[in-house]
Amino acid sequence: VNGDTPGHLERGVQFRCAAAPSSAPTNYRITPEGAFDPDYTITYQTAFLTVTPAAQRPFADAIVSNPSATPVPGRIEAEAFDQGGEGRAYHDVDAANNGGQLRLAEGVDIEVTTDTGGGHNITSTAAGEWQEYGIDVAESGEYNLTLRVAQAGAASIVRVWVGGQPLTTPIALPDTGGVQNWTSVTKWNIPLSAGSHAMRVEWIEGGANLKWIEWQPVSNDSPRPLVS
């Protein structure tokens, strides 16, 4: 049984209902139909099935079988956005993973990276898109936020939210000379409160690739470059 299309079940067969992405429960009606043996009395009721979208939760893969929010200080891989689907854990302008890697049932575009350490990156970002990540801040204080990015052309602008509040002004990302030529962009002295939060990366203007996001506590003797 799939989405809005009526389906048919054979006797004794288990089935899985795949509802279209939605933030609200979806209701289905299940009614027996067809020819019945006249030697038997058939008693049945129409059943109603409610499919409720899963709650937003940290990403789990074959390595991380018991997901938890990413600890801060720490690094969050861009492709490890929360589970929960379109409109809950992310928003993408189309339903396809156009990078064709890793999370094929999700709409966020993921590809293999050539950056140091390998792995994957988010690609084909567009204005209006966003991804959310569960983070667990160990201690209240000021932190430096670093984004690992690459793009050909200087068009992309991002903003980072934590707990539903914008923690940065819009960040214009630099032209790195290629979509796999990577650099790190840092915003300094951002206050974070201890505890679990949802962090959102909002794409005001898209085009850049994103490899990871990192939070580190402010060090009084650390330099303050804009781009390293």
Side-chain angles (χ1 to χ4, degrees), residues 21-24 53-60 64 67-93 103 106-110 121-122 124-149 151 154-174 183-220 222 224-228:
S22 171
S23 60
Q56 184 174 337
R57 59 204 185 280
F59 173 60
V64 184
S68 60
T70 300
V72 170
R75 178 176 295 182
I76 306 110
E77 294 294 327
E79 70 276 8
F81 53 90
D82 284 358
Q83 298 179 105
E86 167 64 36
R88 296 170 67 86
Y90 66 86
H91 170 61
D92 201 272
V93 296
R103 302 174 69 173
E106 308 277 12
V108 178
D109 308 313
I110 302 171
N121 62 262
I122 286 177
S124 302
T125 55
E129 295 185 342
W130 50 265
Q131 300 85 37
E132 284 198 351
Y133 306 81
I135 62 172
D136 189 3
V137 181
E139 184 177 348
S140 297
E142 290 191 337
Y143 291 79
N144 298 329
L145 168 68
T146 301
L147 307 173
R148 187 69 169 168
V149 299
Q151 67 174 339
S156 294
I157 301 173
V158 298
R159 179 164 46 200
V160 176
W161 301 64
V162 173
Q165 300 296 321
L167 289 194
T168 68
T169 56
I171 305 169
L173 303 180
T183 193
S184 299
V185 176
T186 300
K187 297 291 285 185
W188 307 92
N189 301 84
I190 299 174
L192 290 176
S193 59
S196 296
H197 308 282
M199 179 188 73
R200 176 178 292 193
V201 177
E202 173 197 8
W203 296 91
I204 299 172
E205 296 292 341
N209 289 346
L210 178 63
K211 177 68 170 66
W212 46 255
I213 310 106
E214 186 172 78
W215 292 96
Q216 293 295 335
V218 169
S219 171
N220 291 331
S222 62
R224 297 289 189 270
L226 178 62
V227 178
S228 58

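- Sequence neighbours left out, not one pair with a member in residues 188-199 passes salt bridge (Lys or Arg N to Asp or Glu O under 4.0 Å).
- Listed by chain and residue number, nothing satisfies the side-chain hydrogen bond (donor to acceptor under 3.5 Å, both in side chains) test with Tyr133 (two or more places apart in sequence, or in another chain).
- Closest heavy-atom contact between Pro73 and Ala138: CD-CB, 4.5 Å.
- Trp203 and Ser156 make their closest contact through CZ3-CB, 4.4 Å (heavy atoms, listed as atom of the first residue, atom of the second, distance).
- Legend: salt bridge (Lys or Arg N to Asp or Glu O under 4.0 Å) pairs involving residues 188-203, not counting sequence neighbours, sorted by first then second residue: Glu132-Arg200, Arg159-Glu202.
- Within the 3.5 Å criterion, the main-chain N or O of Gly134 finds a donor-acceptor partner in the side chain of Asp82.
- Judged as a salt bridge (charged side-chain N to carboxylate O under 4.0 Å, His left out), and not counting sequence neighbours, the contacts of Glu77 are Lys211.
- Residues Gln216 and Thr146 are not in side-chain contact: their nearest non-hydrogen atoms beyond the backbone lie 4.5 Å or more apart.
- Not a single side-chain contact (heavy atoms from CB on, under 4.5 Å) links Pro191 to another residue, sequence neighbours left out.
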Side chains of residues 165-173: which donor-acceptor pairs under 3.5 Å do they make with residues two or more places apart or in other chains?
unit_1	atom_1	unit_2	atom_2	d
Thr168	OG1	Val160	N	3.1

Using side chain to side chain contact (heavy atoms under 4.5 Å, CB included), reason through Ile76 and Met199 one step at a time and then give a plain yes or no.
CA-CA 10 Å; Ile76 306 110; Met199 179 188 73; 4.1 Å; yes

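- Legend: residues meeting side-chain hydrogen bond (donor to acceptor under 3.5 Å, both in side chains) with Asn209, ordered by chain and number and at least two apart, are Glu111, Thr123.
- When every heavy atom of Pro174 is checked against every heavy atom of Gln151, the shortest pair comes out as O-NE2, 3.1 Å.
- Taking His91 as the reference, Glu86, Trp130 meet the side-chain contact (heavy atoms from CB on, under 4.5 Å) condition, with sequence neighbours excluded.
- Residues satisfying the side-chain hydrogen bond (donor to acceptor under 3.5 Å, both in side chains) criterion with Thr125, sequence neighbours excluded, are absent altogether.
- Here salt bridge (Lys or Arg N to Asp or Glu O under 4.0 Å) pairs that include residues 133-142, with residues two or more places apart or in two chains, number zero.
- Here the CH2-OH distance, from Trp215 to Tyr143, works out to 9.5 Å after rounding to the nearest 0.5 Å.
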_If you apply the rule side chain to side chain contact (heavy atoms under 4.5 Å, CB included), what do you find for Glu106 with Glu79, and how did you get there?_
CA-CA 11 Å; Glu106 308 277 12; Glu79 70 276 8; over 6 Å; no

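- Partners of Glu129 by salt bridge (charged side-chain N to carboxylate O under 4.0 Å, His left out), not counting sequence neighbours: none found.
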